[in-house]
*Asks:* 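Starting off with a structure, shown below.
Just the heavy atoms: all of them, side chains too, but no hydrogens, waters or symmetry mates, feed the values below. Computed from a prediction, not measured in an experiment: that's the story for all the values here.
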Amino acid sequence: MNIHSQARELAGWLADAALPLWRQKGFDDASGGFVETIDMQGEPTRANRRSRVQPRQVYCFAEAGRRGWPGDWRTVAEAGLAYFDRVYRRPSGFYAALADADGQVIDPSFDLYNQAFALLAFAYLAEVFPERRGEMADRSNDLRRKLEVHCKHPIAGFEEDNPPRLPLGSNPHMHLFEACLASETVEGFDKVAWANLADEIAHLAMDHFIDTETGGLREFFDHEWAPFPGEKGRVVEPGHQFEWAWLLLRWAERRGSAEAIVKARQLFEIGEEHGICPKRDVAIMTLLDDFSVADPVARLWPQTEWLKAAIRFAALTEGEERQRYLASATRAAAALERFLQTPIRGLWRDKQQADGAFVEEPAPASSFYHIVCAIYELEDCLKRV
């Protein structure tokens, strides 16, 4: 199958099966929030709800609406944010980490990762609800300023919390970078502030997260942004190699940065060469810094990031190089499609074990953000190709 027919199949699956199912069963009408998981019989579970799931699902439905999905995306996009605010927002203005299915907070702790998704939701809601653009711009600015007061790192980026705790992580910065790239293009948002923060994170990634010797991107750091001691500091995730490559490509295109394109290409090549299981042709979870396999389990989300990076490289290259990236994107789309083979169309598997068997468990809502973004990115980049 070629990438164009894969793109059509994925778009059909999203519009006809996944969005309707997650609109109907993935939104809890009684509480006004999104559920954490849907089981393989197509029924929502009463699992505890991570706060990140709420703004991620808001993003999914806002973006589907922006792109013309005819279903009822408005109700859930607005109600999802209202639920996120009502349940998780603390007096500090930050969002707690976890609540139960009845909306009682279980873990009130601060995580930069969760705040980054709040910022992403504000940007996407501002695009689809012009009447709320001023409100979203204000909320976005307010949360960014609160983060700068609460946990700005003296070198660059952010601490994990206040008081500081270790290790520092590249992953929350990746999602904050994504929120910056979204926010800097929204009419009425503080473009300069968001662009400056995006630039700071891009340089932090290129100077500290990405190893100068190997070109691999690490996950955990000490307080000086050097690799964290021991095994933890050696962790490299193929999915994040691809995700950072995709983000750096987007930033590089806007800023005209040749350095970022070189770094992104290295990240992609490491992910493709060392992070894809040769037997299953899927992106696996974890390598060490010598690129040996640490965890052969394949989860759904790295397949989407592989696809996003490959197809964006294809859009930015020509000739034989483009063909190579298109071939990689075709493999990534095939890997993703295997995770979407479920008894009820519109659900997905989350984990594939080393022997190729999928773990029997409910579909996590948190994956939808990755899937939606990958399918729309595939469409956009194929138009450019």
*Asks:* Answer yes or no: is there a side-chain heavy-atom contact under 4.5 Å between Ile284 and Pro302?
*Replies:*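 No. Closest side-chain heavy atoms not under 4.5 Å.
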*Asks:* Look only at the side chain of Glu36 and the backbone of Val53, and say whether a donor-acceptor pair between them is shorter than 3.5 Å.
*Replies:* no
*Asks:* With a 4.0 Å cut-off, would you call Lys146 and Asp142 a salt bridge?
*Replies:* yes
*Asks:* Verify whether the ring centers belonging to Tyr325 and Phe313 lie closer than 6.0 Å.
*Replies:*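 That pair passes the under 6.0 Å test.
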*Asks:* I want to check something: taking the side chain as every heavy atom from C-beta on, are Glu159 and Pro154 in contact at a cut-off of under 4.5 Å?
*Replies:* yes
*Asks:* Would a line drawn from the ring center of Trp73 to the ring center of Phe129 be shorter than 6.0 Å?
*Replies:* yes
*Asks:* Is there a salt bridge (Lys or Arg N to Asp or Glu O under 4.0 Å) between Glu63 and Arg66 once you walk through the steps?
*Replies:* CA-CA 5 Å; Glu63 182 62 345; Arg66 190 175 74 82; 2.7 Å; yes
*Asks:* Can a salt bridge be assigned to the pair Glu305 and Lys308 using a cut-off of 4.0 Å between side-chain N and carboxylate O?
*Replies:* yes
*Asks:* Are the ring centres of Trp246 and His240 closer than 6.0 Å?
*Replies:* no
*Asks:* Is any side-chain heavy atom of Glu219 closer than 4.5 Å to a side-chain heavy atom of Thr286?
*Replies:*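 Glu219 does not reach Thr286 side chain to side chain.
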*Asks:* Is the distance between the ring centroids of His208 and His203 under 6.0 Å?
*Replies:*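 Centroid distance His208-His203: not below 6.0 Å, so no.
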*Asks:* Any donor and acceptor pair, going by atom type alone, linking the side chain of Asp211 with main-chain N or O of Glu213 inside 3.5 Å?
*Replies:* yes
*Asks:* I'd like to know if Asp100 pairs up with Arg49 as an ion pair, taking the criterion as any Lys NZ or Arg NE/NH1/NH2 lying under 4.0 Å from an Asp or Glu carboxylate oxygen.
*Replies:*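 Salt bridge flag = no for Arg49 with Asp100.
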*Asks:* Is the Lys NZ or Arg CZ of Lys351 less than 6.0 Å from the centre of Phe358's six-membered ring, within 45° of the axis?
*Replies:*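 No; the conditions do not both hold, so Lys351 does not lie above the ring face of Phe358.
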*Asks:* Is there a side-chain contact between Phe94 and Tyr88 (heavy atoms, below 4.5 Å)?
*Replies:* no
*Asks:* If you measure from the Lys or Arg side-chain nitrogens to the Asp or Glu carboxylate oxygens, is any gap between Glu78 and Arg74 under 4.0 Å?
*Replies:* no
*Asks:* Whether the side chain of Arg349 engages the backbone of Pro362 through a donor-acceptor N/O pair (distance < 3.5 Å, no angle test) should be reported.
*Replies:*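 Judged by distance alone, no pair lies under 3.5 Å.
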*Asks:* For the residue pair Phe209 and Trp244, is the inter-centroid distance of their aromatic rings smaller than 6.0 Å?
*Replies:*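 Distance test on ring centres: under 6.0 Å, yes.
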*Asks:* With distance as the sole test, does Ser170 use its side chain to make a donor-acceptor pair with the main-chain N or O of Arg218 at under 3.5 Å?
*Replies:*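 Flag set: sc Ser170 to bb Arg218 pair under 3.5 Å.
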*Asks:* Between Ser366 and Arg52, does the side chain to side chain donor-acceptor pair (under 3.5 Å) criterion hold? Intermediate values first, please.
*Replies:* CA-CA 8 Å; Ser366 55; Arg52 67 191 58 175; over 6 Å; no
*Asks:* Would you say Gln241's side chain and Leu217's backbone share a donor-acceptor pair under 3.5 angstrom?
*Replies:*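 Such a contact is found between Gln241 side chain and Leu217 backbone.
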*Asks:* Nearest 0.5 Å, please: how far is CD1 in Ile344 from CD1 in Ile38?
*Replies:*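 One finds 9.5 Å between CD1 of Ile38 and CD1 of Ile344.
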*Asks:* Would you check if the side chain of Gln341 reaches a backbone N or O of Glu337 as a donor-acceptor pair within less than 3.5 Å?
*Replies:* yes
*Asks:* For residues Trp225 and His173, establish whether the separation of their ring centroids is below 6.0 Å.
*Replies:*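 Between Trp225 and His173, the centre distance is under 6.0 Å.
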*Asks:* Would you confirm whether the ring centroid of Tyr95 sits within less than 6.0 angstrom of the ring centroid of Phe110?
*Replies:*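 Centroid distance Phe110-Tyr95: not below 6.0 Å, so no.
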*Asks:* Within the distance-only criterion (no hydrogens, no angle test), does the side chain of Asp107 pair as donor or acceptor with the backbone N or O of Ser109 below 3.5 angstrom?
*Replies:* yes
*Asks:* Should Pro364 and Ser367 count as side-chain neighbours, where that means a heavy-atom distance under 4.5 Å?
*Replies:* yes
*Asks:* Looking at residues at least two apart in the chain, or sitting in another chain, which of them share a side chain to side chain donor-acceptor pair (under 3.5 Å) with Trp22?
*Replies:* none
*Asks:* How long is the gap from CD1 on Ile311 to CG on Asp380, to the nearest 0.5 Å?
*Replies:*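 It is 10.5 Å, given to the nearest 0.5 Å.
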*Asks:* If the condition is side chain to side chain donor-acceptor pair (under 3.5 Å), which residues does Thr212 pass it with, not counting sequence neighbours?
*Replies:*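 Scan of Thr212 (side chain to side chain donor-acceptor pair (under 3.5 Å), adjacent residues dropped) gives none.
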*Asks:* Calculate, to the nearest 0.5 Å, the distance between atoms OG1 and CD belonging to Thr342 and Gln41 respectively.
*Replies:*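 The CD atom of Gln41 is 11.0 Å from OG1 of Thr342, to the nearest 0.5 Å.
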*Asks:* With a 4.5 Å limit on heavy-atom distance, are the side chains of Phe84 and Arg89 in contact?
*Replies:* no
*Asks:* Between Asn162 and His150, is there a donor-acceptor pair closer than 3.5 Å when you use the side chain of the first and the backbone of the second?
*Replies:*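 Present.
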*Asks:* Apply the test salt bridge (Lys or Arg N to Asp or Glu O under 4.0 Å) to residues Asp355 and Arg280: give CA-CA distance (whole Å), side-chain angles for both, the deciding distance (0.1 Å), then the verdict.
*Replies:* CA-CA 9 Å; Asp355 63 2; Arg280 294 172 285 153; over 6 Å; no
*Asks:* Carefully, step by step, assess Lys383 and Glu377 under the rule salt bridge (Lys or Arg N to Asp or Glu O under 4.0 Å).
*Replies:* CA-CA 10 Å; Lys383 282 177 195 154; Glu377 180 71 358; over 6 Å; no
*Asks:* Do Leu19 and Phe368 make a side-chain contact, defined as non-hydrogen atoms from C-beta onward lying under 4.5 Å apart?
*Replies:* yes
*Asks:* Going by the angle between their ring planes, with limits at 30° and 60°, are His175 and Tyr113 parallel, tilted or perpendicular?
*Replies:* perpendicular
*Asks:* Regarding Arg46 and Asp102, does a basic nitrogen lie under 4.0 Å from an acidic carboxylate oxygen?
*Replies:*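 Result for this pair is yes, salt bridge flagged.
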*Asks:* When you measure from the side chain of Lys152 to the backbone N and O of Gly157, does any donor-acceptor pair fall under 3.5 Å?
*Replies:* yes
*Asks:* Which value, rounded to the nearest 0.5 Å, describes the distance between Asp295 atom CG and Glu237 atom CD?
*Replies:*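 Between Asp295 CG and Glu237 CD, I get 9.0 Å after rounding to 0.5 Å.
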*Asks:* Within the structure provided, determine whether Val58 and Leu125 are in side-chain contact (heavy-atom separation under 4.5 Å).
*Replies:* yes
*Asks:* Output the distance between atom CD (Gln115) and atom SG (Cys151), rounded to the nearest 0.5 Å.
*Replies:*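 Spacing of CD (Gln115) from SG (Cys151) equals 8.5 Å.
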*Asks:* Might you work through the ring pair (Phe, Tyr, Trp, His ring centres under 6.0 Å) test for Phe117 and Tyr369, ending with a clear yes or no?
*Replies:* CA-CA 11 Å; Phe117 278 105; Tyr369 141 85; 5.0 Å; yes
*Asks:* May I have the step-by-step check of salt bridge (Lys or Arg N to Asp or Glu O under 4.0 Å) for Lys232 and Asp222, ending in yes or no?
*Replies:* CA-CA 11 Å; Lys232 206 162 177 110; Asp222 69 14; over 6 Å; no
*Asks:* Would you please indicate yes or no on a ring centroid separation below 6.0 angstrom for Phe228 and Phe221?
*Replies:* no
*Asks:* Tell me, with the steps shown, if His274 and Glu269 meet side chain to side chain donor-acceptor pair (under 3.5 Å).
*Replies:* CA-CA 8 Å; His274 302 284; Glu269 283 169 4; over 6 Å; no
*Asks:* Are Arg324 and Glu321 ion-paired here, with the side-chain N under 4.0 Å from a carboxylate O?
*Replies:*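 Answer for the salt bridge query: no.
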*Asks:* Under 6.0 Å between the ring centres of Tyr83 and Phe34?
*Replies:* no
*Asks:* Give me the ring orientation class for Trp306 and Phe242: parallel if the planes are under 30° apart, tilted from 30 to 60°, perpendicular past 60°.
*Replies:* parallel
*Asks:* Is the closest basic N to carboxylate O distance between Glu253 and Arg250 below 4.0 Å?
*Replies:*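 Salt bridge flag = no for Arg250 with Glu253.
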*Asks:* Hey, does the side chain of Thr304 reach the backbone of Trp301 with a donor-acceptor pair shorter than 3.5 angstrom?
*Replies:* yes
